[in-house]
Amino acid sequence: MTLTKPARVRFAPSPTGRLHLGGARTALYDYLIARQSGGQFVLRIEDTDRKRFLPGAEQEFMDALHWLGLQWDEGPDIGGPYGPYRQSERKEIYLQYAQQLVESGHAYPCFCTPERLEKLRSEQQARKQQPRYDGHCRNIPPEEAAARVAAGEPHVIRFKMPRDGSVTCHDLIRGDITYRNDQLDDSILVKSDGWALYHLAAMVDDHLMKITHVLRGAEWLPTFPLHVHVYRAFGWEQPEWVHLSLFLKPSGKGKMSKRDAAELMKDGRSVYITDLRGLGYIPEAVNNWAALMGWSYDDHTEFFTLADLVEKFDIRRLNPSPAAINFSKLDHFNGLHIRHLDQEDLLRRVKPFFEQAGYHPDDATLRKMMPILQPRLKTLDDAPVVAGFFFREEVEPDPQRLVPKKVTPPQALEAAKRLYEVLSALPEVTLESGEQPVRALAEEMGLKAGALFGILREAVTGQAVSPPIFETMEIIGKETVLKRLQHAIEILETMQN
RNA sequence: GCCCCCAUCGUCUAGGGGACCAGGACGUAGCCCUUUCAAGGCUAAGACCGGAGUUCGAAUCUCCGUGGGGGCACCA
């Protein structure tokens, strides 16, 4: 716990895509700060760009956040004292504040056409200059500009950036950053269609919603001075600005593109939260993993539950340098958190993955499987591949593997038959009742125990690797074990000819 | 081209002048355990980008390079 005053933080996604790792980590930190300080976590939808709006995206974001366990206190679905929480429902508010800026001389209407701007930009680029607005409409007398606006002439509202001096902006993890004003642009605040841009809308909302800490990606650093200028123009007190380090692709070369993201999916990995869920990752692991990219607690503690994070997260320990995404570490955390799950909990989570793979698991069997399954799972969707044979009607042993190295087919057949005899003589097959007789059999036949276990494993599971075979047989039951062994014997018999 | 950020093992990081011949984790390799596979335990290899300063002393502070990254929209 590092914050003593209640913090109001907001996660403000744009419904143009899906929640990805970077956003999830920002939301996580937001959540942690709000919870540990007894403040509020606000969800705000930044949907002022009507062209890029994606139907369903808002719901997708909320689903993903819910899955991660990051419940918000105020948002479009539940309302709150500072609503509405959808920017598309706040259009008039932004216009009103834009007008205020025009009247105070901090902004001005610009009548330049997109065509002129495009031409200007390409000329500047040709001259290897920094592309920016040339101030064409900056000095139109206010009365004249107002008249043109009143006459309905198409226009945007631009911020009137000071031409000299500099701004020093304070970032919580980087300290002061100074920008020269003459390097800054007269950015557009309101588009010609009347919709405010981020530079205005987000500042107005953060102020109106009494946000105390703005956490956002480091890609906002270049426009940081603009935002500080906007705050100053309004005479508002600034929030604490926190620019989170960027996530780089696993190679460390650049940030993730849509294309890279699609490419990742081929390896069973993804930066999209709802994909991670489908891939068998659990939210505990995703949160733990994401929390540690850009933040650390000390020099050795790495396992954290959400509750641990609420308690231990310290905004002052954020790291400014970019981090390459490391999926093998996610696998590690996933295994770790799966092993920490209560067995009933694991059962509930793993069941859908069996069903999805086409099995019809019953809870009683599942429950018996948990102890042997739990330490073997990296992801939940590993479950049907390592343990699907529990629910298969029949298992198809591989004839080659039924005959281990240094064992002849006739020996293997003999072994299978004797195994059948030994096991059928048992009241039931368990580790306690079965292991010694089987080992004795191996010795009697002059086979290595491992070879005999191998034959048994292949016959019963149809796999070369499986959970320990006696525990497995105990769960499957003597009857099924014998049936499968009989099937293996038949396969071995046909091999003899 | 311009502006901004960053810089410790392959990766995520601890380190905020002497406690560092730099600690942890993932991954990799080996060993132990072992009926296979995991899990678990142990061990190993592996880093302070370079150069100047400041200082008795620098991974830690300053500057300059270099490298990497981000941004330069009527997107967010």
Side-chain angles (χ1 to χ4, degrees), chain A residues 12-17 46-49 51-52 110 112-114 117-118 121 124-125 127-132 154-158 169 171 174 177-180 183-185 187-195 197-199 201-202 216-225 243 245-246 248 250-255 289 292-303 317 319-333 335-336 339 372-378 382 386 435 438-439 442 448-454 456-458 461 463-470:
Chain A
S14 176
T16 54
E46 310 222 319
D47 55 351
T48 55
D49 186 345
K51 287 194 203 73
R52 296 202 308 156
C110 167
C112 294
T113 62
L117 263 18
E118 182 48 47
R121 189 161 32 237
Q124 287 166 329
Q125 275 165 349
R127 271 181 269 133
K128 303 233 176 202
Q129 286 179 333
Q130 183 177 4
R132 17 202 259 259
H155 66 283
V156 300
I157 304 292
R158 282 183 187 276
C169 307
D171 175 76
R174 273 161 267 258
I177 305 172
T178 300
Y179 303 74
R180 282 172 51 177
Q183 296 293 335
L184 273 21
D185 206 357
S187 300
I188 293 174
L189 263 20
V190 179
K191 294 187 280 182
S192 56
D193 61 7
W195 284 100
L197 255 20
Y198 177 92
H199 307 310
R216 39 150 49 167
E219 68 268 25
W220 288 107
L221 245 18
T223 44
F224 189 10
H243 293 90
S245 65
L246 254 15
L248 270 24
S251 65
K253 300 210 167 299
K255 70 172 187 180
W289 177 53
L292 256 18
M293 301 188 76
W295 174 79
S296 61
Y297 177 64
D298 59 17
D299 65 346
H300 65 279
T301 314
E302 294 222 299
F303 183 87
R317 287 185 63 85
N319 189 318
S321 44
I325 298 170
N326 182 349
F327 284 99
S328 57
K329 198 137 188 178
L330 170 60
D331 288 342
H332 169 253
F333 277 124
L336 217 50
R339 274 171 254 132
I372 58 174
L373 200 53
Q374 195 163 28
R376 266 162 262 266
L377 258 30
K378 188 187 74 204
D382 282 345
V386 327
E435 184 172 8
V438 170
R439 284 189 187 278
K448 293 193 112 173
L452 194 55
F453 282 126
L456 190 51
R457 169 170 291 111
E458 187 65 36
T461 70
Q463 298 176 178
V465 306
S466 82
I469 195 61
F470 285 99

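Every chain is numbered from 1 and lettered A, B, ... according to where its sequence line falls, protein lines coming before strand lines.
Applying the Watson-Crick and G-U wobble criteria (two distances, each under 3.5 Å), B:A39 pairs with nothing in any strand. The partner of B:A59 cannot be assigned: no Watson-Crick or G-U wobble pair with both contacts below 3.5 Å exists in any strand. B:G1 is paired with B:C72 under the Watson-Crick or G-U wobble criterion, all donor-acceptor distances under 3.5 Å. With a 3.5 Å ceiling on both atom-pair distances, the Watson-Crick or G-U wobble partner of B:A44 is B:U28. Partner assigned to B:U66 is B:A7, using Watson-Crick or G-U wobble distances below 3.5 angstrom. Remark: B:C33 base-pairs with no nucleotide in the shown strands. Criterion, Watson-Crick or G-U wobble with two distances under 3.5 Å. Pair assignment for B:U54 gives none, since no Watson-Crick or G-U wobble pairing has each distance under 3.5 Å.
As judged by a 4.0 angstrom heavy-atom cut-off over every strand, A:Arg127 is placed among residues making no nucleic acid contact. Within the 4.0 angstrom heavy-atom criterion, no nucleotide atom of any strand lies near A:Cys169. Nucleic acid contact for A:Gly335: none, since no nucleic acid atom lies under 4.0 Å from a heavy atom of the residue. Residue contacts for A:Ser466: at a heavy-atom cut-off of 4.0 Å it reaches a base atom on one of the strands shown. If you check every strand for non-hydrogen atoms under 4.0 Å, A:Trp195 touches nothing. Nucleic acid contact class of A:Arg121 (heavy atoms, under 4.0 Å, all strands): sugar-phosphate only. In this structure, A:Thr301 reaches neither bases nor backbone, as no heavy-atom distance under 4.0 Å exists between it and the strands shown. Contacts of A:Lys255 with the nucleic acid, taken as non-hydrogen atoms under 4.0 Å apart, involve only primed sugar atoms and P, OP1 or OP2. In this structure, A:Arg317 reaches the sugar-phosphate backbone alone: every heavy-atom distance under 4.0 Å involves primed, P, OP1 or OP2 atoms, never a base. Using a 4.0 Å heavy-atom cutoff across all strands shown, A:Ala449 reaches no nucleic acid atom at all.
Between A:Arg216 and A:Phe224, the closest side-chain pair of non-hydrogen atoms falls below 4.5 Å. Under the 4.5 Å side-chain criterion, counting only non-hydrogen atoms from C-beta, A:Asp171 is not in contact with A:Cys169. Residues A:Trp220 and A:His243 have side chains in contact (heavy-atom distance under 4.5 Å, counting atoms from C-beta outward).
In terms of position along RNA chain B, the nucleotide closest to A:Phe333 lies nearer the 5' end than the nucleotide closest to the other residue of the pair A:Phe333 and A:Val190. Residues A:Leu377 and A:Met293 both approach RNA chain B. Their nearest nucleotides, taken by heavy-atom distance, put A:Met293 toward the 5′ side.
Shown here is A:Tyr297, whose OH atom has no more than 12 heavy atoms of other residues, nucleotides or ligands within 6.0 Å. Counting heavy atoms of neighbouring residues, nucleotides and ligands inside a 6.0 Å radius, atom NZ of A:Lys191 exceeds 12 of them.
Residue A:Trp289 forms a side chain to side chain contact (heavy atoms under 4.5 Å, CB included) with just one option from A:Leu336, A:Asp331, A:Leu330, and that option is A:Leu330.
Between A:Phe453 and A:Phe470, the distance from one ring center to the other falls under 6.0 angstrom.
Taking A:Tyr179 as the reference, nothing meets the side chain to side chain donor-acceptor pair (under 3.5 Å) condition, with sequence neighbours excluded.
For RNA chain B, the contact window with chain A, defined by any atom under 4.0 Å from a protein heavy atom, covers B:G1 to B:A76 in 5' to 3' order.
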